[in-house]
Amino acid sequence: MSERYNAKEIEAKWQASWEAEGAYQPDPESEQPKYYVLEMFPYPSGKIHMGHVRNYTMGDVVARYKRARGYNVLHPMGWDAFGLPAENAAMERGVHPGEWTYSNIATMRRQLKSMGLSLDWEREIATCHPGYYVHQQRMFLDFLEAGLAYRKESWVNWDPVDNTVLANEQVIEGRGWRSGAVVEKRLLSQWFFRITEYAEELLQALDGLERWPDKVRLMQSNWIGRSTGARLFFPLIGGEDGGVGAEIVGENDGPEAAKPLEVYTTRPDTLFGASFCALSPNHPLSAELAVENPAIAAFAEQCNLLGTGEEAVEKAEKIGIDTGLRARHPFIEGRELPVYVANFVLMDYGTGAIFGCPAHDQRDLDFARKYELPVIPVVCPADSNAADFEIANLAYTDDGKLINSDFLDGLGIEEATETVIKRLQAAGLGEATINYRLRDWGISRQRYWGCPIPVVHCSDCGVVPAARDDLPVRLPDDVSFDAPGNPLDSHVAWRDVPCPACGAPARRDTDTMDTFVDSSWYYARFCSPRADEPVTAEDVNAWLPVDQYIGGVEHAVLHLLYSRFFMRAMKRCGYVTIDEPFAGLFTQGMVCHETYQDGDDKWLYPEEVKGDDKGGMVTVASGESVHVGRSVSMSKSKRNVVDPEEIIDSYGADTARLFMLSDSPPERDLEWSDTGIKGAWRYLGTLWRMVSEFTDSDSGENVAPGAPAADAAVPGENVQRAIHQAVAGVTQDLEKFHFNRAVARIRQLTNELSDFRSNKAFNTEVYLEGLKIILRLLTPMTPHICTELWQRLEPQQSLFAMPWPEAEARYLQEDSVILPVQVNGKKRATIELPSNHDKAAAESAALADEGVQRAIAGKAVRKVIVVPGKIVNVVI
RNA sequence: GCCCGCGUGGCGGAACUGGUAUACGCGACGGACUUAAAAUCCGUUGGCCUAACGGCCAUGGGAGUUCAAGUCUCCCCGCGGGCACCA
């Protein structure tokens, strides 16, 4: 009797063997072309989840496939190890963030190893290790020297109870997630990377990223948000209540109210329809006015209180407050526009001030109706009459001809835009501008568990970079999380240092870097993970760019855009010679599962529920009926999770890997199902049995291993064709990331072989070839079982050393083809013809067919369309 | 609101450049093995009509282009994602 498939045993055996051989380290001496496969490295949160299993399985298929195709493959793994959860664990459980992180890494490394991934673990890096972040600090200083890092004031979410800055996701409905206190906005001095300097280039270069999904390129393009328009100046006149500035002056210093107001617009053509100006509550002029005017101060404060979440309540309402100032229209003598502070004007976009043209912008219209401001249409649609064109409650934003606009009357929007900009320029009142939505990247975080920013603040010298010889600026280990706020702030011994420039007492910057900085260059560090400098030219030139990057679409914008910026910044500082870090990108879908809730709406784990005899769901514990919710991405909070470790324990890594690749296209979400994983398990069992039966001499088929009888009673030409078609098909599928189709094809070939085998007089040589091809095609997906079975079939040959199989052209061609015959577009019959038939032969064969004749029913044939090898269509 | 993407059996999904719709898997049903169950194996399985041959209808809905449409065009409906007072 053959032994049963014991996944656990063979997986442990082969994993140990691969590790001992160092099978997955790239060969430095190799003459082969390089291929760098990378999956987004995980945050060490505790245990791996199904999303990781899916992501890393896909990457492993690519890595193993490319290796078989003769590439020298680099496939490393590391840890995105800084971040907030480690600090939360410290506060909740009193465990040090470093200890917590490294213990999670140990667990997850063990779990990943149990998946049998072809990773080069020698290159493992953790971003929280000083050996990693010392280089990041060096590059920070380089960026500082190159003018790519700078300091400015910026707003943060401030939790007044915990005395800490909150990330956006920690603000829930305007309140701190932990304290529940109403979150305030505070202005802090912070570090920024000048990503906007590359806005145009980052946008333009998207076109060259041909192996990126269009979706991601589009999202980045929208994020950069290029718009063209004009900046223009409105001279200001003081309000009736006096206060600020009397007459305008065109000076650039002095009080804001004395300067002309600078606004940005994408519609300079609508200038004659302007009926008000509006400032952001955070505009310098607003702040200045607020000093004298408590109402403005209160309004601005109210706007600032309105955190990101709570605006849902007041969403629709556009509100503002009249400043009393008036702005002079640049072209209309005597027209004065009221200047408001308005909640819908953003300080971070354009100039933080606008002119409102209610007729052609919905927000402006809503605002104008509320405050009873004039609505002057200046663009008239082609099908309307200029004289009686009016705006009701819908702004008109489409094309048309200019009206009510003096020298612009009669022009189209485009010409009007050009004309008005020329006039503004001539008058020194404005100019054409390109504006970007993209903002500079704020990297300061008021946190402990991150890369320290290597500068010192000296009361005499200002901001002084840390001496390069003193790097790394290490995080102190002896920190306490008992007091609110950033532990680095209260760690006096660490914080207080002499100024590197003058030696006077000074303070370290106690902020740490955004963890996106860590992940913006780790792929480069993998090329020379232990080098004394951030990267070595030789290694990055050899390996970069990453040929295939794989990860979740949730990183479509920030991580991928920051990395693209970082590569350019590193280039400017002389580290690399390329711009784009990732030549190919694939974004995989999530792993989803149904959700379950009991009568009290409490979330239940899948193992806490079972089906009842009526087709519903009940709890295992009490039999209480369970509400089955829609299937959503697995998450701890909804408890709709399945632990990969348990799955690998009971079915083995190969089964888990196979299921991750079957059924669903990789870019779409995958629905987890117990029956699906069982199906994958069943298939591997079948494959195991087929090979075992073949090698067992007692199988009753009289087949000795290694010496199959050349019994040609059933020659199996069709099977050979099927084999080679499978090779061609699977190869094509893998090239295109169609893993689910590749799996389906291999299963189909397995079915055909099995049918062939059920014939008592099958050709064993062909059968053996089929089995071997299946193992070779399947080994990137399920490497353990394939290696084991291969060894049983071919003990002298190493499957690992086998090149990827090539399909032989002669088997891809059929001698004859079966052509469908349609009559008036409906299939009525099929005819068999030699594959090299000509049109005439197909036509006469089709017309001679009985079924076709019946369908024609004696009517006249008007036309016969023949696409040789494809179809015949008889038109009557 | 704007911008993308997707709608195919009971379910996940195949279908290359328009050319035999429903590959492969799951589930279901029937059978074999078993004292029985599990596991395994074999067979059937889009819907409707028919004893059968065969026919009709089906790719969210409606139109159009074409000898031929799941595939191309337009409109509508539904679902999902991204961005969001972006001037």
Side-chain angles (χ1 to χ4, degrees), chain A residues 4 213-216 218-223 225 227 229-230 263-268 270 277-278 280 311 314-319 342-346 348-357 360-364 366-367 397 435-438 553-554 556-557 589 630 658-659 662-665 667-680 682-683 685-686 689 729 732-733 736 738 740-751 754 758 817-830 851 854-855 862-867 869-876:
Chain A
R4 285 192 59 125
D214 289 342
K215 180 168 83 165
V216 174
L218 185 71
M219 281 164 73
Q220 292 215 349
S221 165
N222 288 341
W223 187 264
S227 68
V263 305
Y264 173 72
T265 177
T266 53
R267 292 292 304 276
T270 64
C277 283
S280 161
E311 55 181 77
E314 289 217 83
K315 197 177 185 176
E317 184 134 49
K318 319 258 176 282
I319 51 171
N343 64 346
F344 63 93
V345 182
L346 302 174
D348 289 317
Y349 187 79
T351 61
I354 61 159
F355 77 75
C357 176
H360 306 290
D361 183 293
Q362 193 59 46
R363 287 159 307 178
D364 295 348
D366 295 345
F367 192 81
T397 53
N435 192 63
Y436 299 91
R437 177 186 176 274
L438 182 71
V553 73
E554 65 273 19
V557 177
R630 51 178 302 189
L658 184 63
F659 176 58
S662 310
D663 299 347
S664 291
E667 69 278 8
R668 271 202 237 170
D669 287 352
L670 170 80
E671 176 65 25
W672 176 270
S673 77
D674 291 336
T675 53
I677 189 93
K678 286 199 179 91
R682 198 154 36 210
Y683 172 75
T686 304
R689 216 170 308 112
Q732 204 178 42
D733 289 338
K736 291 183 177 170
H738 294 156
N740 56 325
R741 291 200 285 188
V743 172
R745 259 189 239 273
I746 294 171
R747 295 180 92 131
Q748 196 167 9
L749 176 61
T750 311
N751 291 346
S754 169
S758 63
V817 287
I818 292 169
L819 285 196
V821 182
Q822 297 180 331
V823 176
N824 279 356
K826 288 194 177 177
K827 189 182 124 189
R828 294 299 177 188
T830 55
R854 191 171 41 227
R862 290 200 298 161
K863 195 153 95 173
V864 179
I865 286 145
V866 180
V867 183
K870 285 280 185 197
I871 204 164
V872 180
N873 192 3
V874 179
V875 186
I876 58 172

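Treat the numbers as computed from the prediction; the structure is a model and nothing was measured. Throughout, protein chains are lettered first and strands after them, A, B, ... in sequence-line order, and every chain is numbered starting at 1.
Comparing the same atom, C1', in A69(B) and in U73(B) gives a spacing of 11 Å after rounding to whole Å. Comparing the P positions of G5(B) and C57(B) gives an interatomic distance of 33 Å, to the nearest angstrom. Taking atom C1' in both U8(B) and C2(B), one finds a spacing of 30 Å when rounded to whole Å. For the P atoms, the distance from C56(B) to U50(B) is 16 Å, rounded to whole Å. Across the P atoms, U65(B) and U71(B) are found 15 Å apart, a figure rounded to whole Å. Taking atom P in both U59(B) and G43(B), one finds a spacing of 31 Å when rounded to whole Å. Nucleotides A14(B) and G9(B) are separated by 13 Å at their P atoms, to the nearest Å. Spacing between C83(B) and C67(B) at atom C1', rounded to whole Å, works out to 46 Å.
Pairing partner, C26(B): G10(B), with both Watson-Crick or wobble hydrogen-bond distances short of 3.5 Å. Pairing of U17(B), defined by two Watson-Crick or G-U wobble distances under 3.5 Å, is not identified with any nucleotide. Across all strands shown, the partner of G80(B) is C4(B), judged by Watson-Crick or G-U wobble contacts whose two distances both fall under 3.5 Å. The nucleotide A69(B) finds no pairing partner, because no Watson-Crick or G-U wobble arrangement with both distances shorter than 3.5 Å includes it. With a cut-off of 3.5 Å on both pairing distances, A37(B) has no Watson-Crick or G-U wobble partner at all.
The residue among L346(A) and V874(A) whose nearest nucleotide of RNA chain B lies closer to the 5′ end is V874(A). Judged by closest nucleotide on RNA chain B, T675(A) is the one of T675(A) and T266(A) placed further toward the 5' end.
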For the pair R267(A) and D361(A), evaluate side chain to side chain contact (heavy atoms under 4.5 Å, CB included) and give the outcome as yes or no after the intermediate values. CA-CA 10 Å; R267(A) 292 292 304 276; D361(A) 183 293; over 6 Å; no
Would you sort out whether N435(A) and Y349(A) count as a side chain to side chain contact (heavy atoms under 4.5 Å, CB included), showing the intermediate values? CA-CA 8 Å; N435(A) 192 63; Y349(A) 187 79; 3.3 Å; yes
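Side-chain atoms of K318(A) and base atoms of C85(B) include a donor and an acceptor less than 3.5 Å apart.
Distance CD/Q220(A) to NZ/K215(A): 13.0 Å, rounded to 0.5 Å. Interatomic distance, D674(A) CG to F659(A) CZ, rounded to the nearest 0.5 Å: 8.5 Å. Between F344(A) atom CZ and D366(A) atom CG the span is 8.5 Å, to the nearest 0.5 Å.
Rounding to whole angstrom units, CZ of residue R267(A) and C1' of C86(B) are separated by 15 Å. Rounded to an integer number of Å, the gap from I871(A) CD1 to G19(B) P is 9 Å. Note: CG (L218(A)) to P (C6(B)) measures 13 Å, nearest angstrom. Nucleotide A69(B) holds its P atom 11 Å from the CG atom of N824(A), rounded to whole Å. We find that NZ of K827(A) is positioned 18 Å from P of A68(B), with the value rounded to whole Å. Straight-line distance from the CZ atom of R862(A) to the C1' atom of A68(B): 14 Å, rounded to whole Å. When the C1' atom of A68(B) is taken as reference, atom CZ of R828(A) falls 14 Å away, rounded to whole Å.
With no hydrogens or angles considered, a side-chain donor-acceptor pair links Y264(A) and S227(A) at under 3.5 Å.
Between N740(A) and G12(B) there is no side-chain N or O to OP1 or OP2 distance below 4.0 Å. Distances shorter than 4.0 Å separate some side-chain N or O of R682(A) from OP1 or OP2 on C26(B). Side-chain N/O atoms of R689(A) include none lying less than 4.0 angstrom from OP1 or OP2 on U40(B).
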What pairs of nitrogen or oxygen atoms, one from the protein and one from nucleotides 78-83 of chain B, lie under 3.5 Å apart?
unit_1 : atom_1 : unit_2  : atom_2 : d
G80(B) : OP1    : R630(A) : NH1    : 2.8
C83(B) : O3'    : R437(A) : NH2    : 2.6

Between the protein and nucleotides 16-18 of chain B, are there any N/O to N/O pairs under 3.5 Å, and if so, what are the atom names and distances?
unit_1 : atom_1 : unit_2  : atom_2 : d
C16(B) : N4     : K870(A) : NZ     : 3.0

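Looking at N873(A), its side chain does come within 3.5 Å of a backbone N or O of G825(A) through a donor-acceptor pair.
For V875(A), the listed nucleotide lying nearest its side chain is C67(B); candidates were C67(B), G25(B), G12(B).
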